[in-house]
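Scroll down for the structure; my scribbles are underneath it.
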Amino acid sequence: MTDSFTFLNANWFWYVFLGIMLLGAVFFWKEWYHFGTKRFQVKSILILLTLFALSMLVLKPAMIDQREPQKVVVLTDNYAKRRLDSLRNANPKIKALNYKANTSIFESVTNPEKVFVLGQGVARSDMWQFADKNMFYLGDTLPSGLIKYRYNTNEIVGERLVFQGLYNRPKKGNRLVLQGPNGAGLDSVDLDTISKQGIKLTTALKATGNYVFGIVEKDQEGKYLSEDPLPITIENKSLLKIALINGFPTFESKYLKNYLAEMGHEVVVRSQLTKGRYKYEYFNSKKRTIGNLTESELQFFDLIIIDAKSLRNLGSTSRKALQNSVDKGLGLLVQLDNSWFNNAGKLEHLDIKTSTETNISLEQNSKVKIEKYPYLFQEKFGLEIVQLDGNSGIVTAFKRKGNGKIGATLLTNTYELLFKGQQKEYQRLWATTITRLSRGRNPKTSWKSRAQNIHKDHPFDFELRTSLADPEVKTDQGYQIAIQNSIDLPQVWSGRSYPIDEGWHTLHLAQDTIASFSYFVQDTLAWKAKNQYETSMANHRISSRSPQEMPVVGVMKPIPPLVFFIIFLISMGMLWLLPKL
């Protein structure tokens with residue numbers, strides 16, 4: 001209801017008041033010699049109307065419309081009409097708004113008390129519009145299809161592509177096929193009639209390059225129902241220079257050094273015999289001692305694998321040299337032990353939490369079991385995941401420090417996989433670990449993106465680490481992308497691109513075109529079930545848990561200034577015309 005008014009320029013009130021009083025005094029002084037006559041009375045009224053209209057034109061009066069909070073329902077894709085009917089029965093005055101991505105949702109609603117969202121949900125890019133509102137997401141059942149999946153987008157030639165997913169509401173008789181870049185079927189799995197089905201598809205990787213595999217769903221007659229892309233970059237195997245530093249020889253180290261040597265890596269093993277005395281072993285490498293660690297010695301290696309006891313026993317000089325070497329690009333992997341957890345050891349913010357599981361599988365529904373300590377790494381900003389257990393708990397991870405990496409693994413006794421005849425699983429586990437943690441081939445420049453699916457005309461965020469003072473990032477089409485420097489980390493830059501074409505694309509530095517980053521842009525219809533699931537989960541996360549009371553909002557409706565302008569013109573015209581009559 002409308003019950004009061006205000007001035008849009010209320011802060012000018014006293015200035016206007018004084019000005020009008022002064023102007024009015026001039027007007028009345030000029031007409032004072034007519035005092036007591038009818039002409040004076042008429043002119044006085046016209047003067048007051050003129051001054052009133054002039055002051056209103058400056059102060060701009062407005063009526064305040066007090067509006068009570070109202071309920072709103074936002075209708076997104078695939079909403080259930082029965083849900084809408086139920087809401088309207090319970091709230092007859094509820095207002096329905098049709099949702100369209102990247103547009104203002106509440107433009108026609110002044111004060112929504114409760115906002116109900118039906119259907120698939122609003123896009124994450126529009127969730128900022130609900131920041132100060134009581135939003136309740138009433139999403140329907142999850143979509144049918146692959147709602148979760150994971151695989152390594154960067155692999156080594158000779159390794160295997162392992163695709164794992166979770167299929168929601170599968171249809172019995174349908175089949176999922178892992179399709180090669182040439183369209184040939186490489187692996188498949190039959191779907192069953194259960195609520196959720198774990199999926200695993202694998203194939204060997206035989207050639208380097210950027211490829212697009214595919215996940216195809218077929219019905220019983222072999223008809224294509226859906227096809228989604230699976231981009232992957234396959235690189236040549238890099239032979240690394242690795243040092244294993246042990247407090248004493250263990251079975252874990254014995255079988256690990258044998259595996260690394262068989263893969264062709266240069267390996268130096270240092271095992272402590274007594275204080276200050278060490279035993280050295282060399283595989284594919286010349287003899288070299290690494291007694292007291294120095295930066296010059298560590299510069300030779302790409303990766304240091306050290307057990308927790310040896311790390312604790314390092315002298316201050318060796319520890320400092322190790323830290324400086326990591327800053328310059330060295331990779332460091334710490335093999336933890338029970339004493340580390342008992343003594344509350346810490347490692348570059350790799351925080352841990354307790355876990356009841358001590359035997360886990362790195363792949364969902366896999367029969368391959370691996371021992372681990374009863375802990376998991378906590379997922380925090382900057383943590384990069386190397387190995388997950390089947391329930392998405394983090395068991396091997398690292399954080400970047402300068403140009404290098406410091407990581408740790410909670411896995412233990414992995415050599416038992418070899419005793420069980422699971423040699424490929426053992427090799428894949430350690431190949432992934434040493435590849436992710438070792439010194440990069442070009443430590444001066446590295447790229448990273450958290451985006452799993454990159455869509456045409458949608459924002460694609462990336463991060464660049466480089467020692468260049470003013471790097472310039474360009475696309476393969478020659479466009480330059482603006483990048484922003486981190487305040488705390490001068491070597492870290494972030495940027496955002498909006499790809500306009502599908503397929504493989506690259507980003508590169510204008511100063512060094514070799515330092516490039518490949519990424520695949522796909523159609524917005526790809527992985528439809530997964531996108532719907534993630535949108536639905538994001539809406540659930542922002543759905544109000546404790547509703548806030550919304551106040552009555554006053555909406556100001558300015559009085560049209562034309563009204564006062566007409567009054568001003570008529571009054572001034574009459575003041576001008578009266579002396580001439």
Side-chain angles (χ1 to χ4, degrees), residues 148 150 152 245 247 252 303-314 316 318-320 322-364 370-414 429-430 432-440 446 448-452 461 463 465 486-489 491-492 494 537-538 541:
K148 291 183 180 180
R150 71 169 184 252
N152 290 332
I245 301 177
E252 187 77 299
L303 176 65
I304 303 293
I305 302 176
I306 186 171
D307 59 30
K309 179 181 177 181
S310 299
L311 183 62
R312 282 194 301 268
N313 293 338
L314 287 179
S316 58
S318 295
R319 185 179 291 273
K320 183 66 175 176
L322 185 59
Q323 291 175 348
N324 291 340
S325 297
V326 170
D327 285 334
K328 294 177 181 178
L330 178 67
L332 176 65
L333 174 65
V334 182
Q335 295 174 296
L336 305 180
D337 56 21
N338 284 313
S339 62
W340 180 272
F341 306 108
N342 296 335
N343 295 329
K346 277 210 160 189
L347 190 68
E348 288 298 319
H349 309 294
L350 290 173
D351 298 326
I352 58 173
K353 59 184 179 181
T354 57
S355 169
T356 57
E357 298 291 335
T358 57
N359 285 280
I360 56 101
S361 169
L362 296 180
E363 299 172 359
Q364 210 168 33
I370 304 175
E371 288 187 30
K372 79 170 187 66
Y373 295 104
Y375 301 93
L376 290 170
F377 290 113
Q378 294 185 31
E379 186 169 3
K380 291 189 175 181
F381 177 76
L383 186 75
E384 300 196 32
I385 300 169
V386 179
Q387 302 283 1
L388 292 166
D389 69 13
N391 297 316
S392 298
I394 306 171
V395 293
T396 306
F398 69 89
K399 279 199 172 185
R400 296 182 182 271
K401 185 176 184 295
N403 288 321
K405 308 164 189 175
I406 296 182
T409 180
L410 298 169
L411 301 177
T412 182
N413 299 331
T414 61
L429 185 157
W430 279 107
T432 302
T433 302
I434 65 172
T435 300
R436 293 290 307 279
L437 274 129
S438 63
R439 187 195 304 267
S446 64
K448 183 176 69 173
S449 174
R450 294 184 178 275
Q452 189 177 39
D461 296 318
E463 183 181 281
R465 286 175 175 263
S486 170
I487 297 176
D488 301 320
L489 301 172
Q491 293 183 326
V492 177
S494 59
M537 292 299 101
R541 284 193 292 270

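This structure is a prediction, so every number in the text was calculated from the model and none was measured.
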Give, for atom [atom1] of [X] and atom [atom2] of [Y], the distance between the pair rounded to the nearest 0.5 Å.
{"X": "Ile394", "Y": "Leu388", "atom1": "CD1", "atom2": "CG", "answer": "6.0 Å"}
{"X": "Leu376", "Y": "Ile360", "atom1": "CG", "atom2": "CD1", "answer": "8.5 Å"}
{"X": "Glu357", "Y": "Leu410", "atom1": "CD", "atom2": "CG", "answer": "13.5 Å"}
{"X": "Leu314", "Y": "Ile306", "atom1": "CG", "atom2": "CD1", "answer": "4.5 Å"}
{"X": "Thr409", "Y": "Leu429", "atom1": "OG1", "atom2": "CG", "answer": "7.0 Å"}
{"X": "Leu437", "Y": "Thr396", "atom1": "CG", "atom2": "OG1", "answer": "8.5 Å"}

_Residue list, side-chain hydrogen bond (donor to acceptor under 3.5 Å, both in side chains) with Ser325, at least two apart or on another chain_ =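 Scan of Ser325 (side-chain hydrogen bond (donor to acceptor under 3.5 Å, both in side chains), adjacent residues dropped) gives none.
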*Please determine, by modelled atom types, if Thr412 and Glu252 share a side-chain donor-acceptor pair under 3.5 angstrom.*
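Result is no, nothing qualifies.
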_Arg439 side chain near Leu330 side chain, heavy-atom distance below 4.5 Å_ =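 Yes; the side chains approach each other to less than 4.5 Å.
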*Answer yes or no: is there a side-chain heavy-atom contact under 4.5 Å between Ile406 and Lys399?*
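No, too far: nothing below the 4.5 Å cut-off.
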Does [Y] offer a backbone N or O that forms a donor-acceptor pair with the side chain of [X] under 3.5 Å?
{"X": "Ser494", "Y": "Glu463", "answer": "no"}
{"X": "Lys320", "Y": "Gln323", "answer": "no"}
{"X": "Asp307", "Y": "Gly247", "answer": "yes"}
{"X": "Arg319", "Y": "Leu311", "answer": "yes"}

If you compare all heavy atoms of [X] against all heavy atoms of [Y], which two are closest, and at what distance to 0.1 Å?
{"X": "Phe377", "Y": "Leu383", "result": "CB-CD2, 4.5 Å"}
{"X": "Arg400", "Y": "Ser446", "result": "NH1-OG, 4.2 Å"}
{"X": "Lys372", "Y": "Ser355", "result": "NZ-OG, 3.6 Å"}
{"X": "Asp389", "Y": "Arg150", "result": "O-NH2, 3.6 Å"}
{"X": "Glu371", "Y": "Asn413", "result": "OE1-ND2, 3.1 Å"}
{"X": "Ile352", "Y": "Tyr375", "result": "CD1-CD2, 3.9 Å"}

*Audit row: Asp337, Tyr373, side-chain contact (heavy atoms from CB on, under 4.5 Å) steps and yes/no*: CA-CA 8 Å; Asp337 56 21; Tyr373 295 104; 4.0 Å; yes
*Name all residues meeting the side chain to side chain contact (heavy atoms under 4.5 Å, CB included) criterion together with Thr432; count only those two or more places apart in sequence or in a different chain, and write none if there are none.*
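In terms of side chain to side chain contact (heavy atoms under 4.5 Å, CB included), with neighbours along the sequence ignored, Thr432 is linked to Asn152, Val386, Gln387, Arg428, Arg436.
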*Decide, yes or no, whether a salt bridge links Glu384 with Lys448 under the criterion of side-chain N to carboxylate O below 4.0 Å.*
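Yes.
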